[in-house]
Amino acid sequence: MSDDLDPTTLNVETLAIRTAQLRTDEMAHSDPIFMTSSFVYENAAQAAARFSGEEPGNIYSRFTNPTVRAFEQRLAALEGGEACVAFASGMAAISGTFFALLAPGDHIVSSRSVFGTTNVIYDRYLKKFGIDTTLVDMSDLSQWQAAIRPETKMLFLETPSNPLAEVGDIAALAKLAHDNGALLVVDNCFCTPALQKPIELGADLIIHSATKYLDGQGRCLGGAVVGPKEPMNDILGFVRSAGSCMSPFNAWVFIKGLETLSLRMKAQSERAMALAEWLESQPGIARVHYAGLKSHPQHELAGKQQSAYGAVMSIEVEDADGNRDRQAAWRFIDATRLISITANLGDVKTTVTHPATTTHGRVNEEEKQRAGVTENLIRLAIGLEGVEDLKADLSRGLKALASA
């Protein structure tokens, strides 16, 4: 992209294709991959200046690599953030943010409706270092307010949530955080900047599992954090020291994924809406959790802060005898033939999983129940297959329930 173009005047689709393009002397149209562990210097003085930070430039691919930097700059432009730091995975991005910005005695207020492994980080690892966490219901602002302490440094949520597609009021939580001297951190994995811009709503930091929709085809692991330069410098320092860095090859794959992000998110959201409306009227479906449905408790809020409702939903099933249990859920899942049984999401291939025994399998039973992760809950992440083909496959699951 020419330097005389103002990126703030361009839309998300253009930024995803034209921002931070790498061009070598070979003038390749596609971005190159810099698969190298280290870089050379003209002389010893330049090496010293690079390592001391007096001179910008590449040092070592653990924390400076042109391909990774291009991905970071492109994602920051999409989210409207000043800077971005890439990680080896989404969970590395979450844990890296905690360890870079928090200290012993600090406190987090978090939605209880987060990815199961995030809860493991809270309970098993942050506690070791004297960092306490209070879990609250995402949609109840009074609970967030009541949980804040003088030592609260961070409010954390993912919206829409995994797996119930609950929606948090980003603007209201941002005000609450800032009024109390805390940061608001939003996991934007399910919407991506194609559908939701948390920074524009007041959020401080954005978390991504690039493994999901930023890639879009289930090829590589990666994560990222976007936000202001000052906290991002601390987060980059953590990556430099801890080594939880993104591979240049993975960064190149994510750059290619970003180029089609808006097209995919729009198409997958449209398919998800059609399937959610259809599933809601089917026998054997006790409830559909999808913010695009008028029956969803945060439907209006989602419509205000998202441009579409995303491609992830959950359904609660019951068999012909009225049982709403694990056996019913597994019977439904096992009857499908087209949809992939896997815990990953964000793929062009539709996936199905049983959260209680997979993504949230390590969460204690009491907290699972409080988060609504019941034994009859099934998560669907809708891809790009034909809607009628997906209906036919889901009908196999419905028939299995009916014949129980």
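Heads up: numbering here begins at 1 and tracks the sequence. Note that this is a predicted model, so its numbers are computed, not measured.
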Peer 1: Any ion pair linking Glu385 and Lys349 (charged N to carboxylate O, less than 4.0 Å)?
Peer 2: no
Peer 1: With no hydrogens and no angle check, do the side chains of Arg69 and Asn58 hold a donor and an acceptor under 3.5 Å apart?
Peer 2: yes
Peer 1: Test your reading of the model: is there a side-chain donor-acceptor pair from Glu158 to the backbone of Phe115, 3.5 Å cut-off?
Peer 2: yes
Peer 1: Salt bridge or not for Asp137 and Arg112, using N-O below 4.0 Å?
Peer 2: yes
Peer 1: Answer yes or no: is there a donor N or O on one side and an acceptor on the other, between the side chain of Arg379 and the main chain of Val312, under 3.5 Å?
Peer 2: no
Peer 1: Under 3.5 Å, is there a donor-acceptor pair between the side chain of Thr350 and the main chain of Ile382?
Peer 2: no
Peer 1: CZ/Phe63 to OG/Ser244 distance, rounded to the nearest 0.5 angstrom?
Peer 2: 13.0 Å
Peer 1: Closer than 4.0 angstrom, basic N to acidic O: yes or no for Asp319 and Arg331?
Peer 2: yes
Peer 1: Salt-bridge test for Lys212 and Asp347: reply yes if a basic N is under 4.0 Å from a carboxylate O, no otherwise.
Peer 2: no
Peer 1: Taking the side chain from Asn180 and the backbone from Ala182, do they hold a donor-acceptor pair closer than 3.5 Å?
Peer 2: no
Peer 1: Hey, could you give me the CD/CD1 distance between Glu82 and Ile199, rounded to the nearest 0.5 Å?
Peer 2: 8.5 Å
Peer 1: Do you know which two heavy atoms are closest between Phe87 and Gly96, and how far apart they sit?
Peer 2: CE2-CA, 4.0 Å
Peer 1: Working to the nearest 0.5 angstrom, can you tell me the gap between Ile131 CD1 and Lys153 NZ?
Peer 2: 10.5 Å
Peer 1: Considering all heavy atoms of both residues, which atom of Leu183 and which atom of Asp204 are nearest to each other, and what is their separation?
Peer 2: CA-OD2, 3.4 Å
Peer 1: Step through the shown structure and confirm whether more than 12 heavy atoms of other residues, nucleotides or ligands are within 6.0 Å of CH2 on Trp330.
Peer 2: no
Peer 1: Is Ser247 reaching over with its side chain to a backbone N or O of Phe249, donor-acceptor style, under 3.5 angstrom?
Peer 2: yes
Peer 1: Do His208 and Thr192 pair up side chain to side chain, a donor and an acceptor below 3.5 Å, judged on atom types alone?
Peer 2: no
Peer 1: State whether the side chain of Thr19 and the backbone N or O of Leu15 hold a donor-acceptor pair below 3.5 Å, judged by distance alone.
Peer 2: yes
Peer 1: Strictly distance-based, threshold 3.5 Å: is any side-chain N or O of Trp252 a donor or acceptor partner for the main-chain N or O of Asp31?
Peer 2: yes
Peer 1: Students often mix this up, so state it plainly: with edges at 30° and 60°, are the rings of Phe71 and Phe254 parallel, tilted or perpendicular?
Peer 2: tilted
Peer 1: When you compare the side chains of Glu280 and Ser295, does any donor N or O come within less than 3.5 Å of an acceptor on the partner?
Peer 2: yes
Peer 1: Would you kindly say whether Asn376 and Thr374 are connected by a side-chain donor-acceptor distance under 3.5 Å?
Peer 2: yes
Peer 1: Can you tell me if Ser111 uses its side chain to pair, donor with acceptor, with the backbone of Ser113 under 3.5 Å?
Peer 2: yes
Peer 1: Which value, rounded to the nearest 0.5 Å, describes the distance between Asp334 atom CG and Arg396 atom CZ?
Peer 2: 14.0 Å
Peer 1: When Asp187 is tested against each of Val114, Ile94, Leu157 for side chain to side chain contact (heavy atoms under 4.5 Å, CB included), which residue passes?
Peer 2: Ile94
Peer 1: My understanding is that only one of Arg324, His289, His360, Lys368 makes a side chain to side chain contact (heavy atoms under 4.5 Å, CB included) with Leu377; could you say which?
Peer 2: His289
Peer 1: Can a side-chain donor-acceptor contact be found between Asp140 and Ser142 if the only test is distance below 3.5 angstrom?
Peer 2: yes
Peer 1: Are the side chains of Lys256 and Ser30 in touch, meaning some heavy atoms are under 4.5 Å apart?
Peer 2: yes
Peer 1: Distance check, rounded to the nearest 0.5 Å: His107 atom NE2 versus Met154 atom CE?
Peer 2: 12.0 Å
Peer 1: Is it the case that the side chains of Thr358 and Thr353 hold a donor-acceptor pair, with the cut-off being a distance below 3.5 Å and no angle test?
Peer 2: yes
Peer 1: Between Tyr309 and His296, does the ring centre distance come in under 6.0 Å?
Peer 2: no
Peer 1: With the threshold set at 4.0 Å, does a side-chain nitrogen-carboxylate oxygen contact exist between Glu259 and Arg74?
Peer 2: yes
Peer 1: Nearest 0.5 Å please: distance from the CG atom of Leu398 over to the CD1 atom of Ile285.
Peer 2: 5.0 Å
Peer 1: Would you say the side chains of Gln196 and Asn188 form a donor-acceptor pair under 3.5 Å?
Peer 2: yes
Peer 1: Quick one about Glu55 and Gln46 (side-chain donor to acceptor, distance below 3.5 Å, no hydrogens or angles considered), yes or no?
Peer 2: yes
Peer 1: Does the separation of the ring centres of Phe98 and Tyr125 fall below 6.0 angstrom?
Peer 2: no
Peer 1: Check this for me: Lys391, atom NZ, are more than 12 non-hydrogen atoms of other residues, nucleotides or ligands nearer than 6.0 Å?
Peer 2: yes
Peer 1: Can you see which heavy atom on Ala308 is nearest to which on Leu195, and at what distance?
Peer 2: CB-CD2, 3.7 Å
Peer 1: Ring-plane angle category for Phe99 and Phe238, please: parallel below 30°, perpendicular beyond 60°, tilted otherwise.
Peer 2: parallel
